[in-house]
> 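Could you have a look at this structure, given as structure tokens, before my questions?
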Amino acid sequence: MKNQLPTKRETILTGDRATGPLHLGHYVGSLKQRVSLQDKHDQTILVADMQGLTDNANNPSKVSSNILNVVADYLAVGIEPTKTTICLQSQLPALAELTMYYSNLVTIARLERNPTVKSEIKSKGFERSVPAGFLTYPISQAADITAFNATLIPVGDDQLPMLEQTNEIVRKVNSLAGKPVLNECKPLLSQTSRLPSTDGKNKMSKTMGNTINLGACEKELRAAVRSMYTDQNHLRVEDPGQVEGNIVFTYLDTFHPDIEYVRQLKEHYQRGGLGDGVTKKILEECLQELLKPIRERREQYLDDKSQLIDILRTGSEISRHKTNTTLHSVKDIFGLNPFF
Ligand code: TRP
């Protein structure tokens, strides 16, 4: 499903688990959209380090070591801290407190029914014993969204169940209050279809080595393009080739600026006479051109971490005020502001 960019000014919250540097899938699926949304909307990006821990508590450095990488990725693609507030989840105590209050409004059975959580429990091997923090992360995500009073959440379709659970919580809280205190939120689905992994088989994942990170160096990028899945039956250059399911063409469709040129390449490939080496070379050049300035800006930011920390600290301070205000209203509903 595709939808248009919103026209009226919205309060937008997006976020990423800080469990690895961001890749081309993030770039086309969400980062580009965030760059265009920041001019007309009140946008906050949450670096979700607490949520990252819900399935990485045994290896916390996977989260902590990636916080600044993710911030550098944001800035490198053009997210501007003067337009978008970038904040760190663990530095906003209101989010953890709201999670506690909301967890009284959600049953374990409801959490176990959440389709995304259900499939993640399987894929992460948590079937026999799932960490309570993991099972309840939809509640913490509801805390994130409502704490900012966000009305619009740009997400991939895997996140729709989180928004559904958020709105259930919102309705319960509002009905307890007897008046609308929290806003329901709407999803803003990505304008582009999900970018396939370079092997064309699996979901993009850093451990599978089938992604292209925004910070990939020239050599890594070349190797990744060379290893891309094409048409397995296209054995000789003269053979007609198939473009459907040929990842090189999917990437050319997504990234090459000249649509007509890509159309001609496809025709040539289908006719026969165009080798995979050539199509890969064309794709590599196009991606090298895209990633070069991003990589350079990213490196500059990572060279001076104090600047990144300042950006995150300032964004977190602004966000602390906002989220504390929501916490205060929710505590009011439960009659838990005895001193003021
Ligand atoms: N669950 C999101 C992801 O895995 C990250 C996230 C955490 C988020 N809190 C959020 C996204 C609030 C949107 C709004 O990508």
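Just so you know, ligand 1 is whichever comes first in the structure, and atom 1 is the first atom listed for that ligand.
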> Taking both backbone and side-chain atoms of Q51, is any N or O found less than 3.5 Å from an N or O belonging to ligand 1?
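Checking ligand 1 against Q51, an N or O pair does fall under 3.5 Å apart.
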
> With a 4.0 Å cut-off, would you call E168 and R171 a salt bridge?
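Between R171 and E168 there is no salt bridge, as every charged N stays at least 4.0 Å from the carboxylate O atoms.
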
> Looking only at heavy atoms, which two atoms of I247 and S197 are closest? And how far apart?
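Smallest heavy-atom distance, with atoms named: CG2-O, 3.8 Å.
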
> Looking at A48, which atoms of ligand 1 are within less than 4.0 Å of one of its heavy atoms?
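Those atoms are 7 (C).
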
> Run the salt-bridge test on E284 and K280 with the 4.0 Å N-O cut-off and return the result as yes or no.
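Salt bridge between E284 and K280, a charged N being under 4.0 Å from a carboxylate O: no.
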
> Suppose I only count heavy atoms of R17 and a 4.0 Å limit; which atoms of ligand 1 are within that range?
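Taking each heavy atom of R17 in turn, ligand 1 has 4 (O) under 4.0 Å.
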
> At a 4.0 Å threshold, what atoms of ligand 1 neighbour a non-hydrogen atom of I153?
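Selected atoms, number and element: 13 (C), 14 (C).
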
> What I want to know is whether Q141 and ligand 1 share at least one N or O pair that is separated by under 3.5 angstrom.
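Yes, Q141 has an N/O under 3.5 Å of an N/O on ligand 1.
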
> Distance alone, cut at 3.5 Å: any donor-acceptor contact between the side chains of S90 and D49?
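Yes - a donor-acceptor pair under 3.5 Å links their side chains.
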
> What is the nearest protein non-hydrogen atom to atom 15 (O) of ligand 1, stated with its residue, atom name and distance?
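Here the closest protein heavy atom is G15 O, 3.8 Å.
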
> Which part of Q159 is near ligand 1, with near meaning a heavy atom under 4.0 Å away: side chain, backbone, both or neither?
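Side chain only.
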
> Counting only heavy atoms, which portion of V155 has something under 4.0 Å from ligand 1: side chain, backbone, both, or neither?
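None of V155 does.
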
> On the 0 to 90° scale, with breaks at 30° and 60°, tag the Y101-F334 ring pair as parallel, tilted or perpendicular.
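Parallel, since the angle between the ring planes stays under 30°.
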
> Name the orientation class of the two ring planes belonging to F255 and Y27 (parallel below 30°, tilted from 30 to 60°, perpendicular beyond 60°).
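The rings of F255 and Y27 lie parallel, inter-plane angle below 30°.
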
> Looking only at N/O atoms, are D144 and ligand 1 under 3.5 Å apart anywhere?
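It does: an N or O of D144 is found under 3.5 Å from an N or O of ligand 1.
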
